[in-house]
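Just so you know, these numbers come straight off a predicted model, no measurement behind them. Quick note on labels: first sequence line is chain A, next is B, and so on, each numbered from 1.
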Amino acid sequence: MDLGTRYTPEQIEKKWYARWVEKGYFTPKGSGRPFVVVIPPPNITGRIHMGHALNITLQDILVRYKRMCGFDTLWVPGEDHAGIATQNAVERFLEETQGKRREELGRDRFVELVWQWARKYRTEIRQQIETLGASVDWTRERFTLDEGLSSAVRKVFVELYRKGLIYKGKYMVNWCPRCKTVLSDEEVEHEESKAKLYYVKYPLCGEDGYIAVATTRPETMLGDTAVAVNPKDERYKQLVGKRVVLPLVNKEIPIIADEYVDPEFGTGAVKITPSHDPNDFEVAKRHNLSFVDIFDDEAKVNENGGVYRGLDRYKAREKIVQDLEANGYLLKIEDISHAVGHCYRCESMIEPRVMDQWFVSMKPLAKKAIEAVETDQVRFVPARWKKVYLHWMYNVRDWCISRQLWWGHRIPVWYCDSCGETIVSEKDPAQCPKCGSKSLTQDEDVLDTWFSSALWPFSTLGWPEKTTDLEKYYPTSVLVTGFDIIFFWVARMIVMGYEFMQEKPFTDVYIHQLIRDKYGRKMSKSLGNGIDPIDMSVKYGMDPVRFTLAILAAQGSDIKLDERYFDTYRKFANKIWNATRFALINLEGYEEKQLEGLSLADKWILTRLQRTVNTVTQALEDYEFNVAARSIYEFFWNEFCDWYIESAKITLNGEARLTTQNVLVRVLDTSLRLLHPFMPFLAEELWQNLPVAGESITVASWPKIDEMIIDDTAEKEFEKIMQIVRGIRNVRAELNMPIKSGSKIYVVGQSLSKEAESLIKHLANVDSIEFVSKKPTSSATAYFDELQHIYVDTTGMDLTVEINRLEKNIEKLSKEREWQMKKLSDKSFLSHASQEAVEEARGKLSQAEARLKVLRQILEDLR
RNA sequence: GGGUGCGUAGCUCAGGGGGAGAGCGCUUCCCUCACGAGGAAGAGGCCGCAGGUUCGAUUCCUGCCGCACCCACCA
C-alpha cells in the first residue's frame, strides 16, 4: 500500500470506470427486486452541461445506493435526436463550414449529414457520461431514432389514429418563421415586453363617421375581414351590421357583435384578422368570416398584401403605420406591455397561422394521467410539483405533433396520388388499398421530438416487442428530471404509459433544480457563463464535483453555482484520503477481531457512525441528497477526524492498539460505503486498500444499522468531554497561554471516569484535572462560562483580562436569570406550559443563580 | 389575471415552535509524527416588514414589500 499525502483524482478516476463496466456491475444481475431508472436522454446538440451533471449525479447516487441495497438495478442510458435543436445546430454548422443552406443539399443529403453529426456527438456524450461515473448499463443504450424506437413511434401513431386520438385538421398554430416549422403551444415561450397600441380609424361605408379600433399589430390589417364589438356595448349597438372600409386596402368588411370583445379595452372595437390571431380565428369561425392569409413561410407579406408584398412583418408594420398616418387614419399611439410568443429554440417571434397539421387529442388521454397523480400512484417529489402538473393537465389542449423539419420520425402517413386516399400504416404501404395505385407520397412532415420521448420508459425496454426486460423492469422506479420539462416530457410519458402499457411509467418523479450561474442567470453559450462539468472534473476531480452537486441539491429553488464550491469538497476528498492514509499507516499488526473491550471513544464514534448510517439511509429514501451528503461530511470531518483520530493517536500506542485498529477499519469501511454513491472513484480506491476490502465497493452491501453498538451513555459522556476540552482551549486561546503551560484544571461537578479524564488531558494537553465540589479558593483565577463549572489555574497571568471576562459573564448570567424569573412568574406560562418546560425553566434559573454566586465570589477574590 | 419558490453572517446557502448553523472571506495563534487542500480559538445576525396563533415564532397562519420563475387567447 502506498498512498501519497495528497488526493490525486486524475490517477484514480481513469482506471475504475473501465473495470466496473468490464466486470458487468452495471448490468442488472437479474434477481431481486428491480430498481429501474431511465435516463432523461441528453440532446445530441453538443456537450453535456452542468444541468446534465446534476441530473446524472443524482440518478447515479440513487442507483448505486439501491444496487448496494441488493436491488436488481437497471439504469438505461440513451440520447435524444432532438429534432429542431439538432437540425438548427447542423444548419449552423453547414452554414459555417460550407456556407450552404440545407435546401441546397436537399433532404436526403442533409439528413445524412445530421446522422454523421449524431454519431459524433453520441460518442462524445457517452464519454462524458462515463467521466461522470454514471453506472448505466451500456449494453442497453438507446437512441430515439433507433430502429426499435422508430417502430414504437409508428405503432403508437397508427394506434392513436385508429382510435381517433390523432387527427389532421386546419387550426391556428404557432409558426416559427426562422425554423420554418409549426410548434406546439408548449414550445412557445411568452415574454412580457413593451409594445405600442395603435388606434386606427375604419371609416363607415356609405355614411360619415368611423369606428376606431386599437391594435398592437397594425400590419395584420391587410388580413382583416371584420370589426367586432361587444353586443352589450351601447356605444356601438347601432353600428352592428353596418360595414366599414378597410383603410389602405379599400375593402369592405362588416361590423359584427361578439361576446369575446372586452368593451373596457382600447376603443371596445376590435379588428378581426382570422388568419393571424387565435381569438380572431375563433370569432371568424362563429361568424363565418373569410380568411385572408397575408404572410409567407418567412413571415413576409405575401400576394394578398397588395403593395406591401415582400416586406417582412416588421418592415410592413413601419410602412403601414406611416401610410395610415399620412392618410389621416392614425388616431393615436399608446405604450402598453404585453406578452409575445417566441420560439423556444431560436427566440424568433412566433407567427400564428392557420394550417393543416396533425394533432393528438389530449383530453381523453389525460384522464388516467390525472387520476394517477391525484391519487399519488405517481408521486411528485417535492410534492408542490403535483399542483403544477395537475393544473396543466386539467387545462391540457390538443398537441400539435407535426413539424416541417427533415430530421426526425417521418409521419407514417401516405397519400395516394391517384385517388387521394390517406393511408396510415406501421409498414410502408406498397399500394393504395382503395384504388391499388402504386403511386403513393409520404407525408413530408416529421413528428415532434417529444412524441418519441414520451414513449421512452417502455420503448427503451423493447416495446412493442414483448421482451423480458419489459416484463421485468416496467414500470420504472423513479424519474429524475428538471421542472422545465414537466409538460414537455413527464406529463406525456405518464399519458403514453397508461395508454400503451396500461400502467404508469414510473412511481416517483423527483424534480431537481435548474443550475444557474452565481448571479442567478441561466447558463448559456451566448452569455459565456457556463461552467463545464468535464472541465471542472479535470480541475477538481469528478468526485468532488458530484459531491458538490449533491450537497447543493436541497429541495427548493435553483442552484446558483459558483465554481469555488468545488474547492470545498475537493478539500473534503483530500481529508478522506488522508484520514484513510492515517489508518493504513497505523495498521501494522492488524488482525480482524470482535469489537469488544471498547474504549469510551470507540463506543462514541461507533454510536455516531450508526446515527450517520441512519441519517444517510433515510435521507436517500426521501431524495434528500443534501441532507445525506452533509451528514457524511459532518460525521467524517467533525467527528471522526477531529476527535476520534486524535484520540486514536494515544490508544494506538498502548494495549488497546488492536481494538483501535479494528474500530478505525470499521468506521472507514462503513463511511466509504456511505460515501460510494456520492464519490464512487475515491471510495473504491480507498476501500480497496482496507484489509476488509472485497471485490468492489460498487457491489458491496449498504451498511445496516447495528443497534447493539449504539451506546447513549458513551455518546453523552463523550460530548461532555468535547465540551470540557473546547472550554479549556478557549480559555487558553483567549488568555494566550502557551500550549504546554502545565495547566491544572479544576472541574466543578461530578468526577468523570478515569478514562474520560485521561482523554481530556490528552486532547486538551493539560497535566492534571481535579474534580471538586465547589470552586477552589484563592488560586483559581479564570473561569469560563461555556462549561459553567471549570476553572483553570492560571496563576501569574494578567488578571485584568480575566476580570473583564468575569464581568461579561456575570452580565450574561443576570440576563438569563431575569428571563427565567419572568417566565416563572408568568401565570399563563405556568398554566399552559408542559411540566417539562416549567421544570426546565426552574433548572435554568437555579443554575444561573448558583453560577452567579460563584462568579461573584471569584471576582471578589481576584480583586 | 392566476400560481409557485425565495428574502437567515460580508458573500453563497443549509436549517427549522424553546436565545441560530456551514463553506468561503476576515482576525489571532500553531511548521502537533494523516492532511497547511491542515489544526486551535475568535469577530460577525431586529432569521425582509406588520399583524395573528402560542406560555414562547426566525420557524406555523394572514397581509404587505422586494427578487426570481411558471401558467394564461391582456386586441
Side-chain angles (χ1 to χ4, degrees), chain A residues 3 5-7 172 185 189-190 192 197-198 213-217 220 228 260-262 264-273 277-283 336-339 341 352 382 384-385 387-388 391-392 395 397 483-484 486-487 513-514 516 518 520 540 548 551-552 554 556-562 564-565 567-586 626-627 630 633-634 638 641-642 645-646 648-649 725-726 729-734 736 738-740 764-765 815-816 819 823-824 826-834 837-838 840-841:
Chain A
L3 290 184
T5 61
R6 286 188 167 204
Y7 154 65
M172 179 71 56
D185 295 333
E189 288 177 344
H190 292 272
E192 197 74 18
L197 186 62
Y198 301 86
V213 300
T215 179
T216 50
R217 300 199 59 193
T220 62
Y260 143 74
V261 181
D262 174 9
E264 304 293 317
F265 189 91
T267 60
V270 189
K271 63 194 257 324
I272 299 297
T273 319
D277 181 281
N279 292 314
D280 295 5
F281 176 75
E282 295 301 324
V283 172
I336 61 160
S337 121
H338 73 155
R384 67 191 150 91
W385 297 107
K387 255 172 93 172
V388 174
H391 179 257
W392 185 78
N395 300 293
R397 287 172 294 174
F483 59 80
D484 52 334
I486 289 179
F487 309 141
Q513 308 100 313
L514 263 32
R516 297 175 186 281
K518 63 176 164 181
Y540 300 95
T548 304
I551 211 163
L552 288 173
S557 52
D558 300 335
I559 295 178
K560 277 188 257 173
L561 192 67
D562 186 330
R564 286 179 308 175
Y565 293 149
D567 204 42
T568 301
Y569 300 103
R570 184 190 54 145
K571 288 179 184 170
F572 180 46
N574 186 56
K575 192 73 178 176
I576 297 166
W577 180 271
N578 276 293
T580 308
R581 193 167 163 263
F582 169 83
L584 295 175
I585 288 169
N586 288 289
N626 60 323
V627 173
R630 200 176 41 248
Y633 181 90
E634 286 175 351
N638 302 338
C641 292
D642 288 352
I645 287 186
E646 289 311 312
K649 284 174 183 172
V725 171
R726 281 198 200 103
R729 287 171 179 166
N730 171 294
V731 169
R732 269 235 191 80
E734 293 217 343
N736 260 323
I739 288 207
K740 298 215 160 115
N765 213 336
K815 262 172 77 181
E816 170 81 24
W819 192 70
K823 211 163 156 185
L824 283 167
D826 186 336
K827 277 188 194 125
S828 47
F829 171 74
L830 290 175
S831 56
H832 289 91
S834 69
V838 176
E840 195 190 324

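- Proximity note for T568(A) (side chain, C-beta onward) versus C71(B), C24(B), A72(B): the nearest is C24(B).
- Following rounding to the nearest Å, D562(A) (CG) and C24(B) (C1') show an atom-to-atom distance of 9 Å.
- Atom name C1', nucleotides G19(B) and G10(B): the rounded distance is 23 Å, in whole Å.
- Atom CZ of F572(A) and atom OH of Y633(A) lie 7.0 Å apart (nearest 0.5 Å).
- Comparing C49(B) with A40(B), their P atoms sit 35 Å apart, to the nearest whole Å.
- Atom CD1 of residue I645(A) and atom CZ of residue F582(A) lie 5.5 Å apart, to the nearest 0.5 angstrom.
- Separation of the P atoms belonging to U4(B) and U62(B) is 10 Å when rounded to the nearest angstrom.
- A distance of 6.0 Å separates NZ in K575(A) from CG in D642(A), rounded to the nearest 0.5 Å.
- With values rounded to the nearest 0.5 angstrom, I551(A) atom CD1 is found 6.5 Å from R630(A) atom CZ.
- Between D484(A) atom CG and U4(B) atom C1' the separation is 15 Å, expressed in whole Å.
- Here the closest non-hydrogen pair linking V725(A) and A764(A) is CG1-CB, 4.0 Å.
- Between the C1' atoms of U27(B) and A9(B), the separation comes to 15 Å (whole Å).
- The R564(A) side chain lies nearest to C24(B) when the options are C74(B), C69(B), C24(B).
- With P as the reference atom, C31(B) and G36(B) are 15 Å apart, rounded to whole Å.
- The nearest whole Å value for the distance from the OH atom in Y540(A) to the P atom in C24(B) is 13 Å.
- The side chain of R630(A) contributes no N or O atom lying less than 4.0 Å from OP1 or OP2 of G21(B).
- Atom CG of L552(A) is separated from atom C1' of A22(B) by 12 Å (rounded to the nearest Å).
- Comparing the C1' positions of A22(B) and G45(B) gives an interatomic distance of 15 Å, to the nearest angstrom.
- Atom C1' of nucleotide C71(B) and atom CZ of F487(A) are separated by 7 Å, given to the nearest angstrom.
- As rounded to whole Å, 18 Å separates atom P of C13(B) from atom OH of Y633(A).
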Reading nucleotides 34-41 of chain B from 5' to 3' and marking B where a protein heavy atom lies under 4.0 Å of the base, S where only the sugar-phosphate is that close, and - otherwise, the string is BB-BSSSS

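- Side-chain N/O atoms of E189(A) and base N/O atoms of C71(B) include no donor-acceptor pair closer than 3.5 Å.
- Proximity note for A554(A) (side chain, C-beta onward) versus G5(B), G3(B), A14(B): the nearest is A14(B).
- In this structure a side-chain-to-backbone donor-acceptor pair under 3.5 Å is missing from D277(A) to T273(A).
- The nearest heavy atom of RNA chain B to A214(A) and to H190(A) marks one nucleotide each, and the one closer to the 5' end goes with H190(A).
- Residue Y569(A) contributes atom OH, which lies 9 Å from atom P of G23(B) at whole-angstrom precision.
- Pairing each heavy atom of Y569(A) with each of T548(A), the nearest pair is CD1-OG1, 3.3 Å.
- Panel note: side chain N578(A), backbone T5(A); a donor-acceptor pair is recorded below 3.5 Å.
- Atoms CZ and OG1, on R570(A) and T568(A) in that order, are 9.5 Å from each other to the nearest 0.5 Å.
- Residue contacts shown for V213(A) are absent, as no nucleic acid heavy atom lies under 4.0 Å away.
- Rounded to whole Å, the C1' atom of G15(B) lies 15 Å from the corresponding atom of C6(B).
- Summarising the local packing, NE2 of H391(A) is surrounded by 12 or fewer heavy atoms from other residues, nucleotides or ligands at distances under 6.0 Å.
- Between H338(A) and A75(B), a side-chain N or O to OP1/OP2 separation shorter than 4.0 Å is present.
- For R516(A) and G5(B), the CZ to C1' distance is 11 Å, given to the nearest whole Å.
- As rounded to the nearest Å, A20(B) and C46(B) have C1' atoms that lie 13 Å from one another.
- Here the straight-line distance linking atom OH of Y7(A) with atom CD1 of I576(A) works out to 9.0 Å at 0.5 Å rounding.
- In RNA chain B, the stems built from three or more successive Watson-Crick or G-U pairs (distances below 3.5 Å) are B:1-7 with B:65-71, B:10-13 with B:21-24, B:26-30 with B:38-42, B:48-52 with B:60-64.
- Listed candidates were A72(B), C13(B), U4(B). Nearest to the side chain of K560(A) is C13(B).
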